[in-house]
Amino acid sequence: MPELPEVESLRRQLEPELTSRRVEDVWFDPHPNVLRQFRDVGLVAGRTIGGVGRKGKFIVCPLDEGLELIMHLGMTGAFRFDFDDPWVRARMWLDDGRVLAFRDPRRFGRIAVVPAGEYGAIPTLALLGPEPLSDEFDPNEFASVLRKTRAPIKPYLLSQRPVAGVGNIYADEALWRARIHPLSRRVGPRRALDLHGAIRSVLAEAVEREGTTFRDYQMVNGESGRNAPFLDAYGRVDRPCPRCGTPLKKIVLGGRGTTYCPRCQRH
DNA sequence: CACGCCTCCTGTGCGC
DNA sequence: TGCGCACAGGAGGCGT
């Protein structure tokens with residue numbers, strides 16, 4: 001469930017704690033499914049963390065020696081300090097005596113150490129679209145990209161290619177706000193501009209509220225994000241559309257639950 | 001080659 | 001009460 005606002009909130013919490021810290025040692029769960037998700041994690045031992053950045057849903061930390069630490073929370077990933085339970089999949093001992101724990105019950109999270117900027121082994125990061133809250137997310141370019149695809153708009157948004165960081169919750173929210181049907185295969189320039197604005201506003205508001213806690217997402221201190229009560233579409237099947245009162249409808253699209261307003265969001 | 005479907009994993013909540 | 005099952009959804013991989 002962590003999408004851009006959740007990952008950005010975590011990044012902001014981790015940055016003051018991790019910047020300039022040296023990683024004394026690292027441990028990770030030898031479970032085969034964890035090993036498949038992790039790549040060269042041992043290389044972080046002895047390295048100093050230069051900062052905590054973010055690209056879409058990936059946390060990207062520059063290390064010395066020209067390396068980068070890439071962390072992705074998957075569905076249930078979380079960071080805690082000096083924390084232990086059976087779902088901790090990795091630990092990093094820091095030079096201030098604290099231990100950063102990566103907790104991930106479902107083992108969908110990923111951690112990798114790569115040469116800085118070399119993302120060939122991480123395809124979604126290599127092909128990542130523009131950062132939605134930065135100037136690189138250009139409305140006209142977005143419209144032009146949308147014109148070229150024939151995929152239904154929602155799964156296309158989830159691919160991370162037209163724009164970075166949008167997941168299931170904020171895709172539903174942005175499409176509802178822009179009044180676009182999630183199955184729409186043709187999003188013209190006018191609607192593309194609406195969607196561009198909706199993505200920006202939905203994400204920016206959620207960042208301000210430190211993310212949406214629907215199930216699993218927790219901040220570094222264990223607290224929940226405050227955005228859930230402000231959701232208009234996601235998770236509100238059969239409840240009235242906040243705009244027109246029509247009961248919201250739920251379909252499965254690309255294997256994912258999708259909630260939308262059958263009246264406001266037409267094909 | 002873009003697209004669509006399946007898989008990975010485990011906790012939760014529902015109906016019977 | 002207990003069981004079985006659908007569901008939650010990140011990204012990767014593979015078939016068409």
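Lettering follows sequence order; numbering is per chain, from 1.
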Closest to the A/R185 side chain, choosing from B/dC3, C/dA11, B/dG4 = B/dG4
Candidate pair A/D84 and A/R91, rule salt bridge (Lys or Arg N to Asp or Glu O under 4.0 Å), full reasoning | CA-CA 9 Å; A/D84 190 34; A/R91 295 185 183 86; 2.6 Å; yes
Residues A/E205, A/R177: salt bridge by 4.0 Å N-O rule | yes
Examine the base of C/dA8 for any acceptor or donor lying under 3.5 Å from a partner atom in the side chain of A/R256, and report the outcome as yes or no.
-> no
Taking only the side-chain heavy atoms of A/R161 (C-beta and beyond), determine which of C/dG12, B/dT10, B/dA2 contains the nearest atom.
-> B/dA2
What's the closest nucleotide to the A/T124 side chain, out of C/dA11, C/dA8, B/dC3?
-> C/dA11
Evaluate the criterion salt bridge (Lys or Arg N to Asp or Glu O under 4.0 Å) for residue pair A/R12 and A/E8; output intermediate values, then yes/no.
-> CA-CA 6 Å; A/R12 290 178 183 183; A/E8 174 60 18; 2.8 Å; yes
Using the six-membered ring of A/F83, assess whether NZ or CZ of A/R103 lies under 6.0 Å from its centre and within 45 degrees of the ring axis.
-> no
Looking at the side chain of A/R89, which of C/dA8, B/dT10, C/dG10 is the nearest nucleotide?
-> B/dT10
Which is true for A/S159 with a 4.0 Å heavy-atom rule: it touches a base, it touches only sugar-phosphate, or it touches nothing?
-> nothing
Rounded off to whole Å, could you give me the OH-to-C1' distance for the A/Y156 and B/dC1 pair?
-> 13 Å
Of the nucleotides B/dT10, C/dC7, C/dG10, which one has an atom closest to the side chain of A/H31?
-> B/dT10
Rounded off to whole Å, could you give me the CD1-to-C1' distance for the A/I251 and C/dA6 pair?
-> 18 Å
Looking at C/dA11, B/dC8, B/dG11, which one has an atom nearest to any side-chain atom of A/R36?
-> B/dC8
For A/R106 and for A/A121, locate the closest nucleotide of DNA chain C by heavy-atom distance; then report the residue assigned to the nucleotide nearer the 5' terminus.
-> A/R106
How long is the line joining CD of A/E3 and P of C/dA8, in whole Å?
-> 14 Å
With the side chain defined as heavy atoms from C-beta on, A/A151 is closest, among B/dG11, B/dC3, C/dA11, to B/dC3
